[in-house]
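One structure below.
Residue numbers count from 1 along this sequence.
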Amino acid sequence: MQPAVKTTRILVADDHEVVRKGVVHILASQPDFAVIGEVCTGRMAVQEATLQKPDVLVMDIMMPDLNGLEAARQISKAQPEVQVLILSMHESEELVQEILSSGARGYMLKSDAGRDLVTAVTMLAQKKTFFTSSVSEIVLAGFLRTGSPGPVESRESTRLSPREREIVQLLAEGKANKEVAAHLNISVKTVETHRSNVMHKLGLTSMSDLVRYAIRNKLTSL
């Protein structure tokens with residue numbers, strides 16, 4: 001008698017409904033996959049991962065409220081058993097380094113999802129890693145150059161704490177200090193202190209500078 005095949009429980013996070021539904025359709029067509037939920041922000045992904053504890057979280061990198069990188073960092077810290085697969089339309093060595101440092105176990109270009117998504121989720125469910133072929137070449141090139149797949153030097157965004165990065169994203173998306181405070185359940189004074197510290201750390205002088213910084217460092221897609 002053959003052992004029963006374990007069902008892989010999957011959570012999908014993407015703010016673009018057409019993309020999200022397409023990912024869900026591909027995964028739900030597999031007999032040993034079960035899509036247990038779909039969400040449209042990084043913060044919702046963190047909440048649902050905590051509640052439902054999926055085996056694999058398939059997550060877009062650019063989402064409102066909390067981006068995929070910050071969500072992956074929080075999930076990897078609090079729920080290390082959840083395997084995170086990041087989806088993105090972009091590829092660069094800096095972005096790969098950020099994804100690796102976030103704790104995600106896989107990185108796939110959206111253009112490759114139709115061909116490789118099922119394989120990627122299967123690999124992560126087996127506690128293995130998966131990277132789109134072109135991304136694997138970037139990782140290998142970085143390893144050969146530095147002896148480590150990690151970043152050669154810290155990007156600006158790594159100088160900020162996770163809380164500071166959250167606040168930068170929310171401010172860049174147009175929320176006032178009071179709204180940010182209510183959203184994160186902290187005081188307005190704390191938000192103002194973080195905002196001041198961020199501006200000083202990064203040498204920024206205006207909100208437009210902060211918005212440009214957030215976009216440049218993939219904290220928001222606005």
Side-chain angles (χ1 to χ4, degrees), residues 8-15 36-88 94-108 120-121 123-131 135 139 142 148-173 180-187 190-191 193-195 197-198 201-202 213-214 217-221:
T8 299
R9 302 169 69 253
I10 306 163
L11 177 65
V12 178
D14 196 306
D15 63 319
I36 60 173
E38 51 181 288
V39 296
C40 58
T41 74
R43 200 169 304 281
M44 291 172 68
V46 174
Q47 293 169 350
E48 287 301 303
T50 301
L51 288 173
Q52 302 203 53
K53 295 179 173 54
D55 299 307
V56 179
L57 167 58
V58 180
M59 182 161 56
D60 185 19
I61 198 171
M62 301 303 294
M63 290 185 289
D65 191 14
L66 187 70
N67 64 75
L69 287 176
E70 294 308 314
R73 288 188 178 97
Q74 292 186 20
I75 292 167
S76 296
K77 182 177 180 180
Q79 308 284 333
E81 68 279 6
V82 178
Q83 307 296 299
V84 179
L85 172 65
I86 293 289
L87 295 180
S88 175
E94 286 185 340
L95 188 55
V96 171
Q97 291 167 354
E98 283 290 301
I99 289 169
L100 289 172
S101 67
S102 76
R105 300 283 292 173
Y107 176 29
M108 170 178 291
V121 171
M123 295 286 283
L124 266 67
Q126 296 171 356
K127 302 297 188 293
K128 299 176 182 178
T129 59
F130 182 92
F131 295 95
V135 173
V139 173
S148 168
V152 178
E153 58 183 25
S154 296
R155 293 179 57 197
E156 284 181 334
S157 62
T158 63
R159 290 157 47 191
L160 303 182
S161 69
R163 177 63 86 189
E164 287 172 338
R165 289 193 295 264
E166 277 189 88
I167 289 173
V168 166
Q169 178 173 356
L170 292 171
L171 290 172
E173 290 174 354
V180 174
H183 201 70
L184 299 178
N185 197 27
I186 58 179
S187 70
T190 299
V191 173
T193 299
H194 279 305
R195 176 174 174 169
N197 289 342
V198 166
K201 278 183 181 182
L202 303 178
Y213 167 84
N217 285 280
K218 307 295 188 296
L219 298 181
T220 183
S221 60

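- Residues meeting the side-chain hydrogen bond (donor to acceptor under 3.5 Å, both in side chains) test with Arg9, sequence neighbours left out: none.
- Residues that satisfy the side-chain hydrogen bond (donor to acceptor under 3.5 Å, both in side chains) test with Thr190, not counting sequence neighbours, are Ser187.
- Considering every non-hydrogen atom in both Val84 and Ala72, the closest pair reads CG1-CB, 4.2 Å.
- Listed here is the closest heavy atom pair of Ile36 and Pro54: CD1-CB, 3.8 Å.
- To the nearest 0.5 Å, atoms CG (Asp65) and CD (Glu173) are separated by 7.0 Å.
- Side chains of Arg43 and Glu166 form a contact here, defined as non-hydrogen atoms less than 4.5 Å apart.
- Scanning all heavy atoms of the two residues, the minimum distance from Ala71 to Gly42 falls at CB-O, 3.7 Å.
- A pairwise comparison of heavy atoms in Ala214 and Val168 identifies CB-CG1, 4.0 Å as the closest pair.
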message = For a side chain to side chain contact (heavy atoms under 4.5 Å, CB included) check, start with the C-alpha distance between Leu184 and Arg163, then their side-chain angles and the critical distance, and finish with the verdict.
response = CA-CA 9 Å; Leu184 299 178; Arg163 177 63 86 189; 3.5 Å; yes
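- Between Ile167 and Ile186, the closest side-chain pair of non-hydrogen atoms falls below 4.5 Å.
- Note that CD1 of Ile86 and CZ of Phe131 are 10.5 Å apart. Values are rounded to the nearest 0.5 Å.
- If you take CE on Met44 and CG on Asp15, they are separated by 11.0 Å, rounding to the nearest 0.5 Å.
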request  = Start with the C-alpha gap between Thr41 and Leu66, add the side-chain angles, then the distance that decides, and say whether side chain to side chain contact (heavy atoms under 4.5 Å, CB included) holds.
outcome  = CA-CA 6 Å; Thr41 74; Leu66 187 70; over 6 Å; no
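- In this structure, the side chain to side chain contact (heavy atoms under 4.5 Å, CB included) partners of Ala13, at least two apart in sequence or on a different chain, are Val39, Ala45, Leu57, Met59, Met63.
- Shortest non-hydrogen contact noted between Ala120 and Met108 is CB-CE, 3.5 Å.
- Residues meeting the side chain to side chain contact (heavy atoms under 4.5 Å, CB included) test with Lys77, sequence neighbours left out: none.
- Residues Val121 and Phe130 form no side-chain contact, since every pair of their non-hydrogen atoms from C-beta on lies 4.5 Å or further apart.
- For the atom pair CD1 of Ile75 and CD of Glu81, the computed distance is 10.5 Å after rounding to the nearest 0.5 Å.
- Here CG of Leu87 is found 9.5 Å from CD1 of Ile61. Values are rounded to the nearest 0.5 Å.
- Annotation: salt bridge (charged side-chain N to carboxylate O under 4.0 Å, His left out) contacts involving residues 48-64, sequence neighbours excluded, comprise Lys6-Asp55, Asp60-Lys110.
- For the side chain to side chain contact (heavy atoms under 4.5 Å, CB included) test, residues two or more places apart in sequence or in another chain that qualify with Glu164 are Leu160, Ser161, His194, Asn197, Val198, Lys201.
- A 4.5 Å side-chain heavy-atom check between Gln74 and Pro162 finds every atom pair outside the cut-off.
- Of all heavy-atom pairs spanning Leu124 and Thr129, the tightest one is CD1-C, 4.3 Å.
- Here Glu70 pairs with Arg73, Arg165 under the side-chain hydrogen bond (donor to acceptor under 3.5 Å, both in side chains) rule; sequence neighbours left out.
- Between the CZ atom in Arg195 and the CG atom in Leu171 there is a gap of 5.5 Å [rounded to 0.5 Å].
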